[in-house]
2 protein chains.
Amino acid sequence: MSSSPPFINVRKQPRQARSSATVETILEASARILETRGLAAFTTNAVAERAGVSVGSLYQYFPTKEAILTLLIRRKREALIAALESERARADHRGLKCMVDGFVHAALVHQLERPGLSRSLEYAEATLPINAETEVLKRSIIVIVAEALSMHGIAEPQTSARDLAALTRGMADAGGLFGETDLASLEQRIRRAVYGYLGLGA
Amino acid sequence: MSSSPPFINVRKQPRQARSSATVETILEASARILETRGLAAFTTNAVAERAGVSVGSLYQYFPTKEAILTLLIRRKREALIAALESERARADHRGLKCMVDGFVHAALVHQLERPGLSRSLEYAEATLPINAETEVLKRSIIVIVAEALSMHGIAEPQTSARDLAALTRGMADAGGLFGETDLASLEQRIRRAVYGYLGLGA
DNA sequence: GCATATTATGAGCAATCACTCGTATTTCTT
DNA sequence: AAGAAATACGAGTGATTGCTCATAATATGC
């Protein structure tokens, strides 16, 4: 009954620089496999091989295959949360429109950085047994947007935040799948939909 | 060089009623597994067991596991195409808004009928090696909407059709995941976004 | 009723899966 | 330099995978 470990998904905490590097290598190899060949190709043997690391090393830091997925999801989420929060802070004294633009831009850049990876992690999360920690991060993304919307008098901020996130994700995903390169154009089209949803004039 | 078989995904054409029933049973069992337990649980043994059929029977009608997925995807696509086309036919003499409403409604009902199944098939299709036939169906969905938009003077009808489909799918998917029951409310929110995208007044 | 096609069966195969464990190597501490 | 701790290794485990094939059961045509 001593202190609980800070990371339930990591079997052993890296104490030397080289083991931290190993963990990062494993995570990046996993990400590459997920984005290029999808969840079906995501096997522990494949990850170890791609990372240039033995399976044994992999299992020293991750108790299960799913733990890798969970950590990847958490990191992605945290990155998006950071981006959204910096956007909210910057937009506090600006108008609703300007702030929404910032959110859309952050979400779009975030997702189109590695579209295939985002897609795989998204599906994995919907299929995986519900992870409390991941769920909290998911909620807090919505909460950040919802609070910002609420501050500008938008009705039903929670629902609106969920809808806008879903709308943006859907269009970004399709853009990634279609091989869209003109990010600015896609961004503008998303804004049109978002403005319409919020009842703002174009 | 005789006539090519009508279905490349079916190993043997059912000739008796009972074998057709077997094929349907296999498809429905696959759908249930996909929607309740996801792609990872979708194994041929699991499908056969759930269908109450032997693996051997399964492989008499489907050359590979992926062939089942392909057929499920094709059927879903064809159903949506039929719904959209009936909507287009009915809306020929109505306004743009009314027609768009019909499209949104059809797409939403189609996806929320079995949200988990839609999600799994969607991801499977993005991961599977590109299937020409499936790609054609995907395109024709966009074409149907694009032509309708074009007829009402919407600029960039192809891109707009893709965007609206993606937007609707994203919001519907999130609604399904969230367990949203009020279909009418979700439909109305989607319409707000769509109207905004198209530059129509609410 | 009999021959022939059609359909159904499931034990079992090779391949692959997630994961373990005994051992070797490297780094840290002193 | 030497012992201890941390890290890396990879052959090998049992389980599961996609799928085959020899055989049995059923339906159809005459």
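Quick note: numbers below take in every heavy atom, side chains included, and nothing from hydrogens, waters or symmetry partners.
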- Sorted by first residue and then second, give each side chain to side chain donor-acceptor pair (under 3.5 Å) pair with at least one member in residues 35-53 of chain B; sequence neighbours left out. Glu35(B)-Arg114(B)

- Task: Determine, for nucleotides 20-30 of chain C in 5'-to-3' order, which nucleotides have protein heavy atoms under 4.0 Å from the base (write B), from only the sugar-phosphate (write S), or from neither (write -).
- Result: BB----BSS--

- Query: For residues Ser57(A) and Ser54(A), is any side-chain donor paired with an opposing acceptor at under 3.5 Å?
  - Reply: yes

- Message: Just by distance, no angles: are the side chains of Ser120(B) and Tyr123(A) close enough, under 3.5 Å, to form a donor-acceptor pair?
- Response: yes

- Query: Do the non-hydrogen side-chain atoms of Leu34(B) and Leu72(B) ever get within less than 4.5 Å of each other?
  - Reply: yes

On the nucleotide [N], are OP1 or OP2 found under 4.0 Å from the side-chain N or O atoms that [X] carries?
X	N	value
Ser19(B)	dT6(C)	no
Ser54(A)	dC9(D)	yes
Thr22(B)	dA8(C)	yes

Whole-Å distance separating the [atom1] atom of [X] from the [atom2] atom of [N]:
X	N	atom1	atom2	answer
Lys65(B)	dA15(C)	NZ	P	18 Å
Gln13(B)	dA5(C)	CD	C1'	16 Å
Phe62(B)	dT20(D)	CZ	P	15 Å
Tyr61(A)	dC19(C)	OH	P	18 Å
Leu58(B)	dT20(D)	CG	C1'	13 Å

- Message: Check this for me, if you would: do Arg74(A) and Glu125(A) make a salt bridge, where the nitrogen-to-carboxylate-oxygen distance has to be below 4.0 angstrom?
- Response: no

[X]: partners by salt bridge (Lys or Arg N to Asp or Glu O under 4.0 Å), with sequence neighbours left out:
X	result
Glu147(A)	Arg88(A)
Arg192(A)	none
Arg18(B)	none

- Charged tip of Arg162(A) within 45° of Phe178(B) ring normal and under 6.0 Å: yes

- Message: Give the residues of residues 33-53 of chain A touching DNA chain C, defined as any heavy atom closer than 4.0 Å, sorted by residue number.
- Response: Phe42(A), Thr43(A), Thr44(A), Asn45(A)

